[in-house]
**Student:** 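The structure follows.
Both counts, for ligands and for their atoms, begin at 1 and track the order of listing. All figures in this text were calculated on a predicted structure; none of them were measured in a lab.
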Amino acid sequence: MFNKKTGFMMMLLLAFSIVLAACGSEDSSSGTEGDKGYSKLLVGTEATFAPFESMNDKGEIIGIDVDVMNAIGAEIEAEVEFKNVGWEPVFQQVTNKELDLGASGITITDERKQTYDFTNPYYEATLMIVVKEDSPIATLAEIEDKKIAVQINTTGHEAAKKLQGVGSSKILAYENQPIAFQEVINGTAAAAIGDNAVVLEYLKNNPKSGLKAIESSEFEKEYYGFMVKKGNKELLDLLNEGLQKIKDNGKLEEITGQKID
Ligand code: ARG
């Protein structure tokens, strides 16, 4: 059975698998660290969040976050590639280094700061309540005992928990904000809580939705930042450097329509 020929074949196989293993161990993440640190950045997002990120007819990811990241990329000489991975995967994939960073209208929160590092803020936001146009609801307090639709693990979700208690069965958490708004249209939920610019963009793009937005002074100001794995100081510094440049030269304000320090 064990003749010279099989022995040779086995050697060949072994050699081949060594070559394969060597290829496999190559870093598959995009964080191609050139002499400047990062020459290409793989950026994760959830692209149903216009005007920050959405898909156009050609299947490209477009929006404020894309424009801001491209402007930063130009400053720090890094190529920027966006990937629409979904909201919760953004966090998981930044943690396990499948992504270099998350750019997804992510609010900088103390809780998230325990696990991630954030750039300086690039956008100021706040939450809004969404109800049917003919709804009598006018304040946050009035939805304390009503069904509220939110995007899961967002600041809107947190606001609903704060209002109704963490374990409330009346909080309906969905994968993205447009679904949450749709549930108000359907009547499944009495209200939704979402990010102001996104709510207003949705109402603008869906003039027949029959929905309206309500402001509440009880929602605090939020700041969006770009999110890297905790401890990735090299990338964080680089992003902040690029961000500072586009703050200084007016490019950021041109993109977002907002001035921020
Ligand atoms: N700003 C909110 C948060 O950070 C919602 C962000 C949702 N972003 C998205 N692309 N779906 O919790």
**Student:** Could you establish whether Asp195 and ligand 1 come within less than 4.0 Å of each other, counting only heavy atoms on the residue side?
**Tutor:** yes

**Student:** Compute the shortest N/O to N/O distance between Gly105 and ligand 1 and return yes if it is under 3.5 Å, no if not.
**Tutor:** yes

**Student:** Going by distance alone, is a donor N or O of one side chain under 3.5 Å from an acceptor N or O of the other, for Gln182 and Asn186?
**Tutor:**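 Yes, side-chain donor-acceptor contact under 3.5 Å.
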
**Student:** Of all heavy-atom pairs between Asp65 and Gly105, which one has the smallest distance, and what is that distance?
**Tutor:** OD2-N, 2.9 Å

**Student:** Can you tell me if Asn176 has a non-hydrogen atom under 4.0 Å from ligand 1?
**Tutor:**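 Flag not set, Asn176 not near ligand 1.
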
**Student:** I'd like to know if the side chain of Gln244 pairs up with that of Asn120 as donor and acceptor (distance under 3.5 Å, no hydrogens or angles considered).
**Tutor:**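 Absent: no donor and acceptor within the cut-off.
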
**Student:** Is ligand 1 less than 4.0 angstrom away from at least one heavy atom of Tyr224?
**Tutor:**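 Flag set, Tyr224 near ligand 1.
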
**Student:** Any nitrogen or oxygen of Ser104, main chain or side chain, under 3.5 Å from a nitrogen or oxygen of ligand 1?
**Tutor:**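 Right, the criterion is met.
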
**Student:** If you count the atoms of ligand 1 from 1 in the order shown, which ones are under 4.0 Å from a heavy atom of Gln177?
**Tutor:** 5 (C)

**Student:** Tell me if a side-chain donor or acceptor on Lys161 pairs with a main-chain N or O of Val166 at a distance below 3.5 Å.
**Tutor:** no

**Student:** Donor-acceptor pair, Asp117 side chain versus Gly231 backbone, under 3.5 Å?
**Tutor:**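 Answer holds: yes.
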
**Student:** Please check whether Thr155 reaches ligand 1 - meaning an N/O of the residue sits under 3.5 Å from an N/O of the ligand, judged on distance alone.
**Tutor:** yes

**Student:** Under 30°, 30 to 60°, or over 60°: which ring-plane class applies to Tyr123 and Tyr224, parallel, tilted or perpendicular?
**Tutor:** parallel

**Student:** If you measure only the distance, is there a donor-acceptor pair under 3.5 Å linking the side chains of Glu215 and Ser217?
**Tutor:**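 Ser217 and Glu215 do not have a side-chain donor-acceptor pair below 3.5 Å.
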
**Student:** Polar contacts were defined as any N/O atom of the residue lying under 3.5 Å from an N/O atom of the ligand; does this apply to Arg112 and ligand 1?
**Tutor:**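 Looking only at distances, the answer is yes, because the N/O contact criterion of under 3.5 Å is met.
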
**Student:** Which protein non-hydrogen atom lies closest to atom 11 (N) of ligand 1, naming both residue and atom, and how far is it?
**Tutor:**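 Nearest protein contact, heavy atoms only, for atom 11 (N) of ligand 1 is Glu46 OE1, 2.6 Å.
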
**Student:** Applying ring-ring contact (aromatic ring centres under 6.0 Å, His included) between Tyr122 and each of Tyr223, Phe52, Phe226, report the one that passes.
**Tutor:** Phe226

**Student:** Could an N or O of ligand 1 be found under 3.5 Å from any N or O of Gln151, whether backbone or side chain?
**Tutor:** yes

**Student:** Give a yes or no answer on whether the side chain of Ser54 reaches the backbone of Phe49 with a donor-acceptor pair at less than 3.5 Å.
**Tutor:**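 Not at all, since once roles are kept as given, no pair shorter than 3.5 Å links the two residues.
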
**Student:** Can a non-hydrogen atom of His157 be found less than 4.0 Å from any atom of ligand 1?
**Tutor:** no

**Student:** Under 3.5 Å, N or O to N or O, is Thr154 touching ligand 1 that way?
**Tutor:**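 In fact, backbone or side chain, Thr154 has no N or O that close.
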
**Student:** Distance under 4.0 Å to a non-hydrogen atom of Ile106: what atoms of ligand 1 satisfy this?
**Tutor:** 4 (O)

